[in-house]
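Below is one structure; the comments refer to it alone.
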Amino acid sequence: MLNTLLTWFLIIICFFSCTQKESQESPRTSYLDYVNPLMGTDSDFSLSNGNTYPAIATPWAMNFWTPQTAKMGDGWTYKYDDKTIRGIKQTHQPSPWINDYAAFSMMAVTGNLKYKEDDRASYFSHKAEIVKPNHYSVYLADYDVTAEVSPTERAAHFKFTFPEADSSYILLDAFFKGSWVKILPEERKIVGFCRNNSGGVPDNFHNYFVAQFDKDFDLTHTWGDDWTLMENSTENKGQHVGAIIGFSTTKGEQVHVKVASSFISMEQAELNLKSEIGKDTFEDTKEKARLAWEKELNRIQIEDDNIDHIRTFYSCLYRVLLFPRKFYEYDTDGNIVHYSPYNGKVLPGYMFTDNGFWDTFRAVFPFFNLMYPELNSQIMEGLANTYKESGWLPEWASPGHRDCMIGSNSAPIIADAYLKGHVKEKDIEVLFEAILKNARVSEGRPVNSVGREGLDYYNSLGYVPYNVGIKENAARTLEYAYADFTIAKMADKLGKHDIANRFYQKSKNYENLFDASTNLMRGKNENGHFQKPFNPLKWGDAFTEGNSLHYTWSVFHDIQGLIDLMGGQANFISKLDEVFSMPPDFDNSYYGFTIHEIREMQIANMGNYAHGNQPIQHMIYLYNYASASFKAQEKIRDVLTKLYSATPDGYCGDEDNGQTSAWYVFSSIGFYPVTPGVNQYVMGAPLFKKATLSLENGNTFTISAPTNSSKNMYINTVRLNGTPWNNSYIDFETIQNGGEVEFEMKDTPNKAWANKLENTPFSMSKE
């Protein structure tokens, strides 16, 4: 009896001990499970619900992989409603409008050999598709094959599960605009390069690749230009070539392919394969990619009872962590090196690419400064290298300078990083020289988007005129004025006060386009008269992908100055209200058709508020500057809950390199960086009951709103580290120091909260 009791006692002790150990070792919440990479993929040329593709990649990776439903060269590479897949391709595409470069694809077929892209396309279903950032799997119905891929930064691991077949094939399509393939049967390899691009590359641009198989080849074919099949060949070179390897397979047989690439050399591609995958199994690669994502997603921990909002948050955060792309590699000694997309040389140091600063200066880079300062310092080093290698800063890089969009938005990105202490000492003077060059030199620009188009007019008149053949002139003027403010801020901190004073003065140039008769910004002719006729609903023309109602608010650095120009807070609030209360009317005559940005505004049922495009995304927060924070709170909640969801149609316009997602990430936790270059975030109202930020310096900052609900969208009171907080902003340093801000939320607005001038956020005029 005693032995029996002792046995049961030991069993109970073991049970509780094992349970405790299991509890201690169980992983934290898997935030990766919330991510839907298909968010935004239900898009086309006429209407963007994101214009995204499912990026199978690690954060900021040099290479992404994506299923390809469209033809080679089509910017809409994966459309949710498409029914067939042509392959899984390596992609570097930042936007369908910019298109892809250095792409090649892998595809498996069985039975009769089909290798042309239309012929080989297989039907598939989303019901038999797994889409996660670390793993993609699809059933290729026409071939009874399951194709899978998991990524590393510069490599990927494929797994093809075949049926029983005498004729099974794997195809490598090296794409058009110059390619080469070579099959090495004795090594079970395919090597080669692709050169496809959409611009922005030197003459010696190549993407070298190596594909290592774990099965012997029974046959080898290649194809050459015009899809000409070369049976029993092992090498081909031309404008568009590809490789085919074949073998017999048993039912359920898995064939693995480890693939890596390099912009430097074939030897470097082999090195990337060895260092990033080596002897790892497919499951090893998949797990390493999972851990890479969990590490980053865990930096912000959301707690709430609305699972749909949590899914949307982490799906947006995933998009914020994709771009800009790492465009550097590690040599045999572990040193960081990069192929320069500007001069074609292999050089030491960091390089990043695939980013349009017109979009991302607003919230993506401020997010990096908040959560990823070390990464942002590396990006700043990359910008310094770009300047040294090309003589100019990038504004839209993919992979080199591209002629797209307007502005001088490298300045706020650099200044904000410097002012927050995230630029390395060796890069400071180089970057300051670079932003000054943008503001002073008009000659020698490689493309119109680099530097400042219309600079001489801007510097002499204080604006870019409407009638001198420079498109989007008013938008340029407003963006240059804000860039001048950020240059002044950087100069001030550097102790260059004469330069600072000159640029503070130039930053007031926004005043030159303000039309007091309409309380709107308006194009102005060279003679100083406003252009006529003026239609504030006209998209384009003097503005960029928007109208005067959208661009009037682009005075990021001096909203109080804009309030004063409009005649005070009441007029300012009325003009903000008007944008939301009016019908979604528009004038598309400048374009000659209704561009997708117009259509996205029209169907959102928010008046003329066009959240699907970047120029107006900060506008709601401007109610805070006029002591009407409650209006911002209700409208932010509307946008968060009506215009975003973790679904294929989950965005209300172009996602654009993380910017539209970054708006959601910031706004849902309760604040937004209206003015990069100052140390404040403007408060909105949190969507969640709790958000915990794990900062890079080791501190933790918590945003809690325990009374938050679908009805309780208004701030009643705020406490910062236990003390009442009556300002409608919070400082960068406050967050970095760690602590807690607690919101008491109610279903009715507290109009007395933060309603005095001293409670409002930074404006240059207030200083």
Side-chain angles (χ1 to χ4, degrees), residues 482 485 510-511 514 516 519-521 549-550 552-582 606-607 609 616-640 663 666-667 669-675 677-687 703 705 712-720 723-732 734 741-767:
Y482 167 60
F485 166 78
Y510 72 88
E511 297 175 356
F514 184 76
N519 268 352
L520 293 169
M521 296 295 176
L549 291 170
H550 305 144
T552 290
W553 318 104
S554 292
V555 187
F556 307 94
H557 56 298
D558 197 13
I559 300 302
Q560 184 59 50
L562 184 59
I563 291 171
D564 294 341
L565 287 175
M566 287 189 178
Q569 289 186 350
N571 289 345
F572 183 80
I573 293 170
S574 176
K575 186 61 72 173
L576 286 170
D577 287 345
E578 180 186 342
V579 174
F580 292 96
S581 62
M582 67 188 300
M606 290 189 178
Y609 179 70
I616 205 170
Q617 287 181 350
H618 68 295
M619 173 196 153
I620 293 176
Y621 285 90
L622 303 190
Y623 282 109
N624 289 280
Y625 295 76
S627 302
S629 298
F630 69 96
K631 285 179 174 281
Q633 294 156 26
E634 62 190 14
K635 287 179 169 57
I636 288 166
R637 182 63 65 90
D638 270 354
V639 174
L640 287 170
W663 188 95
F666 266 119
S667 297
I669 63 176
F671 50 85
Y672 186 78
V674 170
T675 315
V678 302
N679 68 334
Q680 293 178 357
Y681 304 95
V682 181
M683 284 189 177
L687 179 64
I703 303 102
N712 292 350
M713 68 179 73
Y714 297 102
I715 294 173
N716 189 48
T717 61
V718 179
R719 298 182 72 84
L720 178 60
T723 302
W725 185 255
N726 294 310
N727 300 322
S728 60
Y729 62 86
I730 188 168
D731 290 343
F732 169 79
T734 298
V741 58
E742 184 175 352
F743 294 85
E744 181 192 11
M745 307 295 291
K746 286 197 171 182
D747 61 356
T748 55
N750 178 0
K751 298 181 182 180
W753 181 76
N755 72 341
K756 297 178 181 178
L757 183 62
E758 60 265 29
N759 302 135
T760 61
F762 171 91
S763 282
M764 189 172 69
S765 292
K766 285 174 60 181
E767 301 296 303

Hey, are the side chains of [X] and [Y] touching, using non-hydrogen atoms and a 4.5 Å cut-off?
| X | Y | value |
| --- | --- | --- |
| Lys766 | Asp558 | no |
| Thr675 | Gln680 | no |
| Phe630 | Met713 | no |
| Asn755 | Ser629 | no |
| Trp753 | Gln633 | yes |
| Lys631 | Ile620 | no |
| Tyr623 | Ile573 | yes |
| Ile715 | Glu744 | no |

Return yes if some donor-acceptor pair links the side-chain N/O of [X] with the main-chain N/O of [Y] below 3.5 Å, else return no.
| X | Y | result |
| --- | --- | --- |
| Asn712 | Asp747 | yes |
| Ser667 | Trp663 | yes |
| Arg637 | Pro686 | yes |
| His618 | Pro673 | no |
| Thr760 | Tyr625 | no |
| Ser574 | Ala570 | no |

Distance, nearest 0.5 Å, that separates [atom1] of [X] from [atom2] of [Y]:
| X | Y | atom1 | atom2 | value |
| --- | --- | --- | --- | --- |
| Ser581 | Tyr609 | OG | OH | 15.0 Å |
| Phe485 | Met764 | CZ | CE | 7.0 Å |
| Leu562 | Trp553 | CG | CH2 | 6.5 Å |
| Ile703 | Met683 | CD1 | CE | 9.5 Å |
| Asn571 | Ile563 | CG | CD1 | 11.0 Å |
| Asp564 | Phe572 | CG | CZ | 10.5 Å |

Where do [X] and [Y] come nearest, in terms of heavy atoms and distance?
| X | Y | answer |
| --- | --- | --- |
| Leu549 | Ile616 | O-CD1, 4.3 Å |
| Tyr482 | Gly677 | OH-N, 4.4 Å |
| Met745 | Ala705 | CG-CB, 3.9 Å |
| Leu565 | Asn519 | O-OD1, 4.0 Å |

| message | Evaluate Asn759 against Ser728 for side-chain hydrogen bond (donor to acceptor under 3.5 Å, both in side chains), listing each step before the verdict. | response | CA-CA 6 Å; Asn759 302 135; Ser728 60; over 6 Å; no
| Do the ring centers of His557 and Tyr510 come within less than 6.0 Å of each other? | yes
| request: May I ask you to decide if the ring planes of Tyr672 and Tyr621 are parallel, tilted or perpendicular, using 30° and 60° as cut-offs? | output: parallel
| message | Which label fits Trp725 and Tyr729: parallel for a plane angle under 30°, tilted from 30 to 60°, or perpendicular past 60°? | response | perpendicular
| request: Look at Lys575 together with Glu578 and state whether they make a salt bridge at an N to O cut-off of under 4.0 Å. | output: yes
